[in-house]
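Within every chain, numbering begins at 1; the chains are lettered A, B, ... in the order of the sequence lines, protein sequences first and strands thereafter.
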There are 4 protein chains.
Amino acid sequence: MLNRVVLVGRLTKDPELKYTPNGVAVANFTLAVNRPFSNQQGEREADFINCVVWRKPAENVANFLSKGSLAGVDGRMQTRSYDNNQGQRVYVTEVMGESVQFLEPKKNGSQQQAPQNNYQHQELPPSYGQDPFAGGQPLDISDDDLPF
Amino acid sequence: MLNRVVLVGRLTKDPELKYTPNGVAVANFTLAVNRPFSNQQGEREADFINCVVWRKPAENVANFLSKGSLAGVDGRMQTRSYDNNQGQRVYVTEVMGESVQFLEPKKNGSQQQAPQNNYQHQELPPSYGQDPFAGGQPLDISDDDLPF
Amino acid sequence: MLNRVVLVGRLTKDPELKYTPNGVAVANFTLAVNRPFSNQQGEREADFINCVVWRKPAENVANFLSKGSLAGVDGRMQTRSYDNNQGQRVYVTEVMGESVQFLEPKKNGSQQQAPQNNYQHQELPPSYGQDPFAGGQPLDISDDDLPF
Amino acid sequence: MLNRVVLVGRLTKDPELKYTPNGVAVANFTLAVNRPFSNQQGEREADFINCVVWRKPAENVANFLSKGSLAGVDGRMQTRSYDNNQGQRVYVTEVMGESVQFLEPKKNGSQQQAPQNNYQHQELPPSYGQDPFAGGQPLDISDDDLPF
DNA sequence: TTTT
DNA sequence: TTTT
């Protein structure tokens, strides 16, 4: 059924990159998306939206985005739940990002080249993404949990 | 900043209609949106997405939708948090529906007329929405909490 | 770059199904999408949006939709131009539908079963889509024109 | 009915600002949106999408965007037609932008301050938008043509 | 637990 | 050239 989300916002922290036991990359990050209206106190608020990105785009996210980066995400809303250590059910809503657009030149990097174009499907410089296990830490879940 | 969600799904229950002390209508409902892929066990899953609608469209939702109704929602993702009665912070992500489309003729109703067209901005039959407090129960929050 | 369109509307005619010389299916149809506001004369207008769908979903469209069917489309806007027979450049904007949702049970059909779920990725009954060339007429363009 | 478009792209030219006889501002511009895939020749193409923005946001567009600016547009697809001077019917599809996000600091400007935040609903510096007729040229259509 |  |  139709389920489409498009967001533009800034990362609240550096993205977290992990790998499933099978070597599938997953990146998690939170986008702060400013609201277009002010609250009663006249302040602008933001929504903090958790995003998950899988596979190659996950590695691009980890390579090109960091705290404060402006990014666009096109994806689907997903919900899941789990029991926390106090034995309570926690409900999670997040955005499964199918594509991520980098809306600013890579910042922190030193001598790095910014990508010529900022789309997720871009050809990345050959130095990226070579060893899928580099730079990320293994994820403690079985691949059976992967829904796709 | 850009924040746009479009969903089509079915209500998991009848919508809940409430009113703020000032008489502003709010409807809450959950949409079950089937995923386009199957999980490891070959089953189709759904995402359960909480939606909030304000004012006149809230009353339309309450009048035209019920458990199982197929509906489209166009809106924005919002996040908020509160402390539950165990003193723990609970994070909530929901969709603020700006417009709701009724994709099926009104069901349960007896002799009721289905709307000629199913858009939220439709002219409703004069019998609807007259007394903003009819059919809903008061909401225990101050209007100061309304962000818009 | 971000380019996302979501529409719900009714087909103005039966969809047209064609095949490239290589046997790739393409369906074309126009969605009438009613506007949420009235014009100066108090009339509701509609937008008439041309949609193109490729491959398997194209065949599903041809099998399940017909004039008047209510459908949802999730896709991208695309533009192209060509010279007409009067030698004038014609600019075309259309929606490349990546997924199509059938929002009504199949109508015209006689004893046909409606699909159990209406998503484009659905398993179709085995009688469908067997011979990719059945029911469509060949398309007079080279596959070199296919951009993906 | 559901009709939602979200785009991020770059202006192909400076926006055109006009005013109806009643002083309602309208801005027109074309966004070049790069495609996420390459064509047969391995080249990246773009879609060129015409956008229209009304009223205050139209003036913001004229003040903050220029050729090459990166911008996000959230709106609806609209179609219309007219007869050209050769007496032929021309069909037009464009995006009615409801909100426009400025994704880069204002460029060409000399000593100008970039907006603190780039959302269309932003508070603009007091020097902007004061005389709604400044800087735009009158539009040769009656307000009766305005559909909303 | 939040970004410019 | 347009749908309910």
Any heavy-atom pair between the side chains of C:Val95 and C:Leu31 that's under 4.5 Å?
no
Answer whether the closest heavy-atom distance between the side chains of C:Glu94 and C:Met77 falls below 4.5 Å.
no
Rounded to whole Å, please give me the gap between [atom1] in [X] and [atom2] in [N].
X: C:Lys67; N: F:dT3; atom1: NZ; atom2: C1'; answer: 8 Å
X: C:Glu104; N: F:dT3; atom1: CD; atom2: C1'; answer: 11 Å
X: C:Asn28; N: F:dT1; atom1: CG; atom2: P; answer: 19 Å
X: A:Leu11; N: E:dT3; atom1: CG; atom2: P; answer: 12 Å
X: C:Asp47; N: F:dT4; atom1: CG; atom2: P; answer: 17 Å
X: A:Leu103; N: E:dT4; atom1: CG; atom2: P; answer: 15 Å
X: C:Phe48; N: F:dT4; atom1: CZ; atom2: P; answer: 11 Å
X: A:Glu16; N: E:dT2; atom1: CD; atom2: P; answer: 16 Å

Identify, with sequence neighbours excluded, every residue that meets side-chain hydrogen bond (donor to acceptor under 3.5 Å, both in side chains) alongside C:Glu43.
C:Asn39
State which residues pass side-chain hydrogen bond (donor to acceptor under 3.5 Å, both in side chains) with C:Asp83; sequence neighbours excluded, sorted by chain then number.
C:Arg89
Picking from [options], which would you name as closest to the side chain of [X]?
X: A:Ala32; options: E:dT3, E:dT2, F:dT3; value: E:dT3
X: C:Asn34; options: F:dT4, F:dT2, E:dT3; value: F:dT4
X: A:Asn50; options: E:dT2, E:dT3, F:dT1; value: E:dT2

Classify C:Gly68 by what it touches in the nucleic acid, base, sugar-phosphate, or nothing, heavy-atom distance under 4.0 Å.
sugar-phosphate
